[in-house]
Amino acid sequence: MRVEIWSDIACPWCYIGKARFEKGLAAFPHRADVEVVHRSFELDPATPKGVTDSVTDMLARKYGRTHEEVAAMEQQVASHAHAEGLGFLAEGRDHGNTFDIHRLLHLAKARGRQDELLDLVFRANFAEERSVFDPLVLLDLAAEAGLDADEARAVLADDSAYADEVRGDEREAAELGANSVPFFVFDRRYGISGGQPAEVFTQALEQAWASHVADRSASNA
């Protein structure tokens with residue numbers, strides 16, 4: 001059974017939701033039979049490549065809030081992250097275009113290192129003072145994830161490398177009605193939006209598994 005997760009590394013609830021999903025998956029008896037695939041989604045594709053801004057300034061503009069209100073929002077998100085055992089910097093993070101990161105994640109997927117790279121990028125972006133919008137930092141993370149440094153460098157240097165895969169994921173998200181992330185699709189049967197509690201993911205896995213087994217039994221009858 002396959003679970004597909006649309007996310008953006010700039011999304012704190014994707015970071016938190018991934019941790020909660022993994023806890024829910026750990027409680028699922030058939031977890032060894034579940035394939036997890038991470039798919040691309042850009043929250044802010046209009047952000048120019050190579051231009052970064054502070055998260056605080058970006059959120060203040062986007063939601064029409066004061067910097068004090070944004071700081072309170074970020075502290076609230078940080079409390080949710082910390083409750084899941086995740087590091088989270090409530091201030092000082094930057095924001096930029098994530099398209100190149102998604103392209104590199106597709107390379108990691110092709111090399112069987114997608115989950116490793118995604119975890120490293122999430123942690124660097126939300127818990128460490130490492131800008132994932134700096135190509136040199138991104139290359140360091142790729143190497144830490146076990147990717148070949150020269151191959152990763154070549155992908156970042158070629159704007160067309162894995163671009164179709166990223167756009168394909170985004171088209172599919174639109175076709176499925178996903179306009180926000182994280183978005184979880186269980187065996188192309190059920191969808192869940194947001195960083196739900198772990199038990200919600202376990203219940204969704206059980207429901208999808210029951211339908212999966214029933215369909216398989218019917219096809220073999």
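Small disclaimer: the values here were computed from a predicted structure and weren't measured.
The existence of a salt bridge linking E165 and R103 is excluded, since no basic side-chain nitrogen approaches an acidic carboxylate oxygen closer than 4.0 Å. Between E175 and R188, no side-chain nitrogen of the basic residue sits less than 4.0 Å from a carboxylate oxygen of the acidic one, so the salt-bridge criterion is not met. A salt bridge does not link E129 to R93: none of the charged nitrogens lies less than 4.0 Å from a carboxylate oxygen. K49 has a carboxylate O that lies under 4.0 Å from a charged side-chain N of D159, or vice versa, which qualifies the two as a salt bridge.
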- Worked verdict on L59 versus V55 for side-chain contact (heavy atoms from CB on, under 4.5 Å): CA-CA 6 Å; L59 291 174; V55 168; 3.6 Å; yes

- Query: How far apart are the C-alpha atoms of L86 and H80, what are their side-chain angles, what is the distance that settles it, and do they pass the side-chain contact (heavy atoms from CB on, under 4.5 Å) test?
  - Reply: CA-CA 9 Å; L86 300 171; H80 286 284; over 6 Å; no

- Task: Carefully, step by step, assess D57 and H95 under the rule side-chain hydrogen bond (donor to acceptor under 3.5 Å, both in side chains).
- Result: CA-CA 9 Å; D57 288 346; H95 174 77; over 6 Å; no

- K23 and E84: salt bridge (Lys or Arg N to Asp or Glu O under 4.0 Å), yes or no, with the steps? CA-CA 9 Å; K23 288 181 180 177; E84 301 302 329; 2.8 Å; yes

- Output, in order, the C-alpha distance, side-chain angles, deciding distance and verdict of side-chain contact (heavy atoms from CB on, under 4.5 Å) for W209 and D33. CA-CA 10 Å; W209 182 261; D33 297 309; 3.8 Å; yes

- Item | Verdict with reasoning, V51 to N97, per side-chain contact (heavy atoms from CB on, under 4.5 Å) | CA-CA 7 Å; V51 176; N97 186 289; over 6 Å; no

- Message: Test salt bridge (Lys or Arg N to Asp or Glu O under 4.0 Å) on D164 and R167; report intermediate values, then the result.
- Response: CA-CA 5 Å; D164 288 346; R167 296 303 186 210; over 6 Å; no

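For the atom pair Q207 CD and S211 OG, the distance stands at 6.0 Å (nearest 0.5 Å). Note: E4 CD to D169 CG = 8.5 Å, rounded to the nearest 0.5 Å. Between L141 atom CG and D119 atom CG the span is 11.5 Å, to the nearest 0.5 Å. Expressed to the nearest 0.5 Å, how far CZ of R130 lies from CG of N125 amounts to 11.5 Å. Remark: E151 CD to R153 CZ distance equals 11.5 Å, nearest 0.5 Å. One finds the NZ atom of K18 at 10.0 Å from the CZ atom of F184 (value rounded to the nearest 0.5 Å).
Using modelled atom types and a 3.5 Å distance limit, the side chains of T98 and D8 yield a donor-acceptor pair. For the residue pair D187/H212, the side-chain donor-acceptor check at 3.5 Å is satisfied. Neither side chain, T52 nor D94, offers a donor N or O lying under 3.5 Å from an acceptor on the other.
With a 4.5 Å cut-off on side-chain heavy atoms, V34 and L25 count as touching. Between L205 and H30 the shortest side-chain heavy-atom distance does not fall below 4.5 Å. Side-chain atoms of E170 and E42, non-hydrogen and from C-beta on, do get closer than 4.5 Å to each other. Looking at R123 and E128, their side chains come closer than 4.5 Å, going by heavy atoms from C-beta outward. Contact annotation: the side chain of I101 approaches that of F133 to within less than 4.5 Å [non-hydrogen atoms, C-beta and beyond]. For the pair H38/K109, no side-chain contact is recorded, criterion being any heavy-atom separation below 4.5 Å from C-beta on. For the pair L139/L156, a side-chain contact is recorded, criterion being any heavy-atom separation below 4.5 Å from C-beta on. V36 has its side chain within reach of F21: a pair of non-hydrogen atoms, C-beta onward, lies under 4.5 Å apart.
By the side-chain contact (heavy atoms from CB on, under 4.5 Å) test, E68 is found to be paired with T66, residues two or more places apart in sequence or in another chain being considered. A search for salt bridge (charged side-chain N to carboxylate O under 4.0 Å, His left out) contacts involving R2 returns E35, not counting sequence neighbours. Residues forming a salt bridge (charged side-chain N to carboxylate O under 4.0 Å, His left out) with E199 (at least two apart in sequence, or on another chain): none. Partners of R113 under the side-chain hydrogen bond (donor to acceptor under 3.5 Å, both in side chains) rule, at least two apart in sequence or in another chain, do not exist in this structure.
When all heavy atoms are compared, the tightest approach of L107 to A152 is CD2-CA, 3.8 Å. Pairing each heavy atom of W13 with each of V77, the nearest pair is NE1-CG2, 4.3 Å. Across all their heavy atoms, H102 and S40 have their closest contact at ND1-OG, 3.4 Å. Minimum interatomic distance between Q196 and R20 (heavy atoms only, all atoms of both residues): O-CD, 3.1 Å. The two residues I9 and L118 make their nearest non-hydrogen contact at CG2-CD1, 3.8 Å. Taking both residues in full, the closest heavy atoms of F201 and G194 are given as CZ-O, 3.9 Å, listed atom of the first, atom of the second, then distance.
Side-chain heavy-atom separations under 4.5 angstrom define the hydrophobic clusters, and the remaining members of the one that includes F99 are V166. W6 belongs to a hydrophobic cluster with F41, L43, L176, V181, F183, V185, counting contacts under 4.5 Å between side-chain heavy atoms of Ile, Leu, Val, Met, Phe, Trp and Tyr, direct or through other members.
Under the 4.5 Å side-chain heavy-atom criterion for grouping Ile, Leu, Val, Met, Phe, Trp and Tyr, M1 is connected to I5 within one hydrophobic cluster. Hydrophobic clustering (side-chain heavy atoms under 4.5 Å, transitive across Ile, Leu, Val, Met, Phe, Trp, Tyr) groups M58 together with Y63. Residues L105 and V3 fall into different hydrophobic clusters, defined by Ile, Leu, Val, Met, Phe, Trp and Tyr side chains chained together at heavy-atom separations under 4.5 Å. In the hydrophobic cluster analysis, where Ile, Leu, Val, Met, Phe, Trp and Tyr join through side-chain heavy atoms closer than 4.5 angstrom, V70 is grouped apart from L89.
Using cut-offs of 30° and 60° on the angle between ring planes, the pair Y15 and F126 is parallel.
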